[in-house]
Amino acid sequence: MRKLNIHSIYKATEGEGVYIGTPQVFVRFQGCSIGCVNCDSKETWSFEENKLLSVQEVLAEVLKESRVIKRVSITGGDPLHPSHTEGLLDLCRALKNDGYFINLEASGSRIVENIFRQVDFISFDFKTPSTGVKTPQSLLEKMVETYEGKFQVKSVIADVKDFEASLRAYQKLENKKSFDWVLTPC
């Protein structure tokens with residue numbers, strides 16, 4: 001049976017983006033190789049075993065936390081890291097079968113189509129200069145072309161350079177379809 005490397009599962013309200021203030025259960029994966037300088041969850045970077053759980057064990061913890069909340073936010077670490085994707089796909093299918101709305105916090109470093117089709121909403125990061133990481137413009141273009149109405153782009157803004165980089169990337173896309181671009185202060 002496949003095991004998922006989970007950092008934590010907990011109930012909280014969404015702290016950023018278009019669903020800010022919405023109660024949900026967070027499933028935080030353990031393991032990330034992206035290395036953003038200003039990451040607020042560096043404790044999730046290590047791929048060392050934290051809590052290896054089956055999909056059924058994750059579902060049981062989500063149910064225990066959720067009670068009447070039928071929303072789950074999948075975050076990390078990097079839930080889309082190749083070492084997580086098969087287990088994540090199984091988890092998404094199981095959550096959908098149980099009637100959950102799934103919000104995926106995507107790092108902006110990759111698009112995983114079979115997972116993106118399973119979830120209800122994608123918060124797709126645009127990595128600003130202060131992160132020390134770069135999101136290819138081609139990924140933003142693919143999000144706009146493929147997932148209209150199903151995603152937001154999120155930028156963490158630490159300074160004017162971050163704002164200007166986000167604005168330039170947005171302006172390259174503004175003649176395309178509409179979507180929300182959320183600026184989050186660092």
Side-chain angles (χ1 to χ4, degrees), residues 5-47 50 71-82 84-85 88 101-112 115-116 119-174 176-186:
N5 196 356
I6 301 296
H7 178 272
S8 53
I9 300 172
Y10 56 95
K11 182 173 51 178
T13 56
E14 178 59 57
E16 53 195 18
V18 297
Y19 290 114
I20 193 167
T22 304
Q24 54 195 351
V25 176
F26 287 80
V27 176
R28 185 175 291 280
F29 275 72
Q30 180 70 37
C32 182
S33 59
I34 297 167
C36 299
V37 173
N38 57 359
C39 179
D40 64 356
S41 55
K42 289 182 180 177
E43 71 279 3
T44 66
W45 286 10
S46 172
F47 284 90
N50 187 39
R71 296 180 71 92
V72 172
S73 183
I74 297 173
T75 187
D78 178 13
L80 294 174
H81 185 275
H84 297 313
T85 54
L88 176 57
F101 178 96
I102 303 171
N103 174 49
L104 175 66
E105 301 282 335
S107 68
S109 62
R110 64 184 62 85
I111 291 173
V112 183
I115 292 172
F116 282 23
V119 302
D120 297 289
F121 192 74
I122 305 153
S123 184
F124 195 81
D125 282 2
F126 172 76
K127 299 299 185 187
T128 54
S130 69
T131 66
V133 179
K134 185 171 175 56
T135 299
Q137 187 75 24
S138 62
L139 291 182
L140 296 174
E141 291 169 3
K142 183 161 184 151
M143 290 300 294
V144 170
E145 292 165 7
T146 310
Y147 301 102
E148 182 180 14
K150 189 175 178 170
F151 78 100
Q152 69 182 7
V153 175
K154 182 186 72 167
S155 298
V156 174
I157 306 297
D159 55 31
V160 171
K161 288 181 184 177
D162 287 351
F163 176 78
E164 290 172 346
S166 298
L167 182 58
R168 280 191 305 276
Y170 174 76
Q171 288 171 333
K172 290 178 184 175
L173 299 170
E174 80 183 329
K176 303 202 180 201
K177 298 168 186 153
S178 68
F179 61 95
D180 292 309
W181 193 305
V182 179
L183 305 179
T184 302
C186 181

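Residue numbers run from 1 in the order of the sequence given. Hydrogens, waters and symmetry mates are skipped; everything else that's a heavy atom, side chains included, is used.
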What residues, two or more places apart in sequence or in another chain, satisfy side-chain hydrogen bond (donor to acceptor under 3.5 Å, both in side chains) together with E43?
none
With heavy-atom distances below 4.5 Å as the criterion, would you say the side chains of F151 and V144 are in contact?
yes
May I ask you to test the K150-F116 pair for a side-chain heavy-atom distance under 4.5 Å?
no
Would you say the rings of H81 and F29 are close, in the sense that their centroids are separated by under 6.0 Å?
no
Return the minimal non-hydrogen interatomic distance between N103 and S123, and the atom names on each side.
OD1-N, 4.2 Å
Taking T128 for its side chain and V156 for its backbone only, find out whether a donor-acceptor pair lies under 3.5 Å.
yes
Is a side-chain donor or acceptor of Q30 paired with a backbone partner of G77 at a separation under 3.5 angstrom?
no
Using residues 178-186 as the side-chain source, report each donor-acceptor pair under 3.5 Å to any protein atom, sequence neighbours left out, with the distance given to one decimal.
from	atom 1	to	atom 2	distance (Å)
W181	NE1	S155	OG	2.8

Can you see which heavy atom on I115 is nearest to which on T85, and at what distance?
CD1-O, 3.6 Å
For the residue pair L88 and P79, what are the closest heavy atoms and their distance?
CD2-O, 3.3 Å
Cationic N near anionic O, under 4.0 Å, R71 to D120:
no
Over 12 foreign heavy atoms within 6.0 Å of OH, Y10
yes
Residues in side chain to side chain contact (heavy atoms under 4.5 Å, CB included) with D125, at least two apart?
K127, K154
What's the spacing between S109 OG and D78 CG if we round to 0.5 Å?
5.0 Å
Just how far is it from atom CG of L140 to atom CG of L173, taken to the nearest 0.5 Å?
5.5 Å
Nearest-0.5 Å distance that lies between atom CD1 in I9 and atom CZ in R28:
12.0 Å
Do Q152 side-chain atoms and V18 backbone N/O form a donor-acceptor pair below 3.5 Å?
yes
Main-chain N/O of G35 paired with K42 side-chain donor or acceptor, under 3.5 Å
no
For Q137 and A169, indicate whether the former's side chain and the latter's backbone hold a donor-acceptor pair under 3.5 Å.
yes
Exam field: side chain H7 to backbone G31, donor-acceptor pair closer than 3.5 Å:
no
